[in-house]
Amino acid sequence: MDRFLILCLMSVVSFSAYSQVGLLDEIIFGNIQSEKKHNFATNATEVIKGGLNESARLFLPVKGERVEGGNITFKMKVDSEKQNYFTARFWGSDSGNSNILILFCEGKQIGYRHLGDYDMLDIANDEAPFPGRFTYTTLPLPLQMTQGKKEIELSIRSTGRIARYGNTFDQYQKVMTEPAKALYKGYTHTEKCFIPARREKQGVMPSPVVRIAPGIEVMEQVKVHVNRELKKFMAKDRLDQEELWVLSYAYNEPWTIVYHDRKVAEKTIETTDRYYVRYSQDPKSVYNDSWLTVGPLCLALNSFIPEVREVLDEKMENGRTRRDNWTQMCAECLDYAKTHRRQYTNQSLIVDLNLYCVNRFLSVIAPEKALPAYQTLKYLYESMGIVPWLGSETSEGPSEPLGDNYFQLSAKGLSKELGFVGGYGEILHWMLRVYEATGVCGETDSRDPLIRAQLLKVLKARSYFRYPSVDEDGNKAMVAEAVIGWRDHGKYPGTILYGEKGLDKEGDPLMTAASTLDPIAVAYAQQMLDDNQFFHVVREKMKDSSLNSTYTLLRLPGEYELIAKQPRREDKLPMSSGMPDALFADEEVGAIALKNGEEILYASLYWRANYAINYLARVHYITPEIDRIATIYEDIKFTPSGYTYKRPERTNLFFSDARHFYPEVKSAHTGEELPIAKIPEGIRYEPGWENVYAGRGEFYSLRYGKYLIGMNCTQNKDFVLNIPTAKKVVSFPAKEIVKESSVIVKPMSTVVFIIVE
């Protein structure tokens with residue numbers, strides 16, 4: 001019997017048996033009797049009394065050990081026929097110092113250490129994810145390892161954190177120097193949504209408290225901080241183009257030390273000359289493998305056109321005029337950028353923004369060498385998801401690697417990389433820079449209206465992915481949802497987030513609100529100010545002396561002054577406490593966000609299926625009492641391609657020699673064969689390639705706890721969702737009684753039902 005049929009049968013069984021918890025076994029870590037009963041063994045762990053005075057095992061670093069810290073091994077009961085899950089219980093006030101806990105089954109690793117569809121058991125942030133209460137993380141146990149068995153051996157090993165962009169093993173794998181997160185209990189069960197016994201203590205949600213400090217004094221500290229950085233830039237003999245771009249922005253800010261200082265224009269011309277000399281010696285050095293080429297340089301030059309015109313026809317050391325030299329460099333960079341466009345949304349925005357800036361400057365100094373303005377604006381439209389993204393230019397036209405109808409953003413405003421993206425999907429700051437680049441500095445009405453509309457659509461779509469929590473000091477805050485994000489590595493909890501990324505070095509929390517003065521954007525900014533998280537975030541940003549942080553801090557005094565003058569708005573982020581029930585579903589990225597009273601459910605139904613249909617969903621279920629993270633099986637309908645993908649022997653999904661874990665560690669998933677969905681005609685593809693279509697389903701159905709979800713991701717097909725027999729079934733969010741045994745789910749639509757057993 002193949003996995004698809006097994007999963008379908010399992011889902012039917014789970015509907016009828018939901019009233020049963022499905023618990024098979026439970027181990028209490030740190031409890032001698034419970035551990036002895038489960039043939040427990042350990043190395044480098046210690047028993048502690050932790051949250052609510054409950055026992056737990058703390059994983060310790062091992063002196064001299066390069067990769068692993070403490071570990072434990074134990075045996076647990078399983079169901080010999082059904083799909084089994086393992087759930088771990090953690091205390092939400094613990095952080096874990098970014099160390100990793102990995103689950104092993106029968107000696108083989110469950111999950112992949114970097115962005116796998118089967119994730120690690122725990123990748124802890126430095127912050128506490130759910131203060132004062134317990135959290136539960138659920139992973140599936142491989143079916144082939146439990147079939148025909150009543151008991152299996154499980155292990156949990158700890159390691160140091162990983163730096164995902166490390167180019168060598170030492171850069172990638174960090175030594176574990178502090179304890180990992182403490183583990184309280186472990187459970188095996190057959191129900192997808194783990195429901196703890198009523199006798200288990202769960203703690204109490206902290207009362208929301210508004211942060212008292214810091215306050216308005218931070219704005220003066222920002223000015224001091226930024227001017228100190230600007231002074232360093234002005235003192236340098238050789239400026240980088242991005243430093244120059246920041247100076248050119250500061251040139252128009254009245255409170256800065258470089259306000260209308262002609263030396264900034266002089267440094268801009270000097271730096272451009274130097275870049276040309278570098279280009280003349282090695283042309284590729286200014287653009288090869290670069291997303292920027294000379295975009296920031298041209299952005300600065302575009303701020304000083306009158307001064308540039310004065311020197312354009314002066315001759316440089318090679319006997320040619322600046323106009324000729326600069327034109328040659330910019331034209332070659334432009335050609336490189338248009339033939340090396342990037343697929344992932346954030347990368348696409350960066351490349352096309354810089355392409356646009358280069359072309360804009362080129363159109364001033366050598367119009368005959370520049371692309372038509374409509375063409376570079378179209379590139380921006382493609383990256384912004386307004387028109388289809390057609391890829392790099394070739395001698396035969398656009399390359400169209402994803403066909404002629406692939407949009408970078410969904411129709412509802414979420415970026416696609418490949419499915420829902422948490423941190424990397426927070427691209428408002430890049431979109432805003434694109435928006436501002438289309439106009440004249442300080443003249444809002446000169447900017448492109450289509451880009452403005454798209455920017456605000458994204459702001460409102462992302463607003464559903466901020467939920468109420470507390471900051472590291474226990475104060476009321478909204479934080480970003482990242483647990484269900486494809487490219488998010490261990491972001492739990494997410495960062496403080498209201499409008500756009502504030503703690504991130506590339507964005508600031510008021511950019512969109514101040515640049516557009518859209519009422520909803522202003523309302524979200526005002527909510528952040530009401531919670532007094534704005535000044536806190538800004539103060540934290542000042543700890544980062546990076547160039548991008550300096551730029552965003554440079555913007556803030558003027559933006560804050562503008563927002564402070566705006567009329568009071570009553571709107572709040574939709575997941576805020578006290579707001580009405582809400583449902584947001586995006587069928588193009590397979591993501592759902594719902595608020596039911598004070599419960600919040602996030603799910604990625606199209607979950608990290610880079611290579612094939614994997615039948616996996618990722619869920620983050622937040623209630624006032626407990627928090628659940630789960631990777632679980634779901635039912636997926638799709639049109640098969642006839643090809644399959646066999647999982648290779650990897651413990652890191654994104655593999656390189658630099659990321660090679662100890663060779664004796666083997667993956668529990670090796671050899672699993674998965675079907676590949678049909679790839680649209682005209683798209684070049686081979687099995688094993690990452691592709692946006694290879695793992696995308698047409699219809700997803702998921703039963704998780706009391707929620708039943710059906711999502712139709714097609715443009716022209718109807719699907720039937722069967723509704724289980726129950727005491728009562730109500731639609732959500734309408735809360736209407738449903739008496740039918742099935743419903744039709746229309747194309748590009750999602751239905752949610754609450755099942756009352």
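Index from 1, following the sequence. Computation of the quantities below employed the complete heavy-atom set of this structure, encompassing side-chain atoms and omitting hydrogens, waters and symmetry-equivalent molecules. All figures in this text were calculated on a predicted structure; none of them were measured in a lab.
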*Asks:* Between Y704 and R628, do the side chains contain a donor N or O and an acceptor N or O under 3.5 Å apart?
*Replies:* no
*Asks:* Would you find a donor on one side and an acceptor on the other, under 3.5 Å apart, between the side chain of T188 and the backbone of E26?
*Replies:* no
*Asks:* Going by the angle between their ring planes, with limits at 30° and 60°, are Y707 and F732 parallel, tilted or perpendicular?
*Replies:*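 Correct class here is perpendicular.
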*Asks:* Assess, by modelled atom type and distance only, whether the side chains of R647 and T670 contain a donor and an acceptor separated by less than 3.5 Å.
*Replies:*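 There is no such pair between these side chains.
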*Asks:* Parallel, tilted or perpendicular: which fits the ring planes of W486 and Y606, with parallel below 30° and perpendicular above 60°?
*Replies:*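 Tilted, since the angle between the ring planes falls between 30° and 60°.
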*Asks:* Please determine if D473 and R211 form a salt bridge, counting it only when a charged side-chain N lies under 4.0 Å from a carboxylate O.
*Replies:*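 R211 and D473: salt-bridged.
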*Asks:* For the backbone of G132 and the side chain of S93, can you confirm whether one donor and one acceptor N or O come within less than 3.5 Å of each other?
*Replies:*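 Yes, the answer is positive, given that a donor and an acceptor are paired below the 3.5 Å cut-off.
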*Asks:* So is R57 actually on top of F29's ring, under 6.0 Å and inside 45° of the axis?
*Replies:*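 Judged by the rule (NZ or CZ under 6.0 Å from the ring centre, within 45° of its axis), R57 is not positioned above F29.
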*Asks:* According to the interplanar angle, ranging from 0 to 90°, do the rings of Y118 and Y112 count as parallel (below 30°), tilted (30 to 60°) or perpendicular (above 60°)?
*Replies:* tilted
*Asks:* Would you check if N84 and I152 make a side-chain contact, meaning some heavy-atom pair closer than 4.5 Å?
*Replies:*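 No, their side chains stay 4.5 Å or more apart.
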*Asks:* Regarding E426 and R466, does a basic nitrogen lie under 4.0 Å from an acidic carboxylate oxygen?
*Replies:*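 So E426 pairs with R466 through a salt bridge.
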*Asks:* H620 vs Y492 aromatic rings, parallel, tilted or perpendicular, using cut-offs 30° and 60°?
*Replies:*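 Perpendicular, since the angle between the ring planes exceeds 60°.
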*Asks:* Any ion pair linking K595 and E481 (charged N to carboxylate O, less than 4.0 Å)?
*Replies:* no
*Asks:* Taking the side chain as C-beta and beyond, is there a heavy-atom pair between L594 and P733 under 4.5 Å?
*Replies:*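 Answer no - side chains too far apart.
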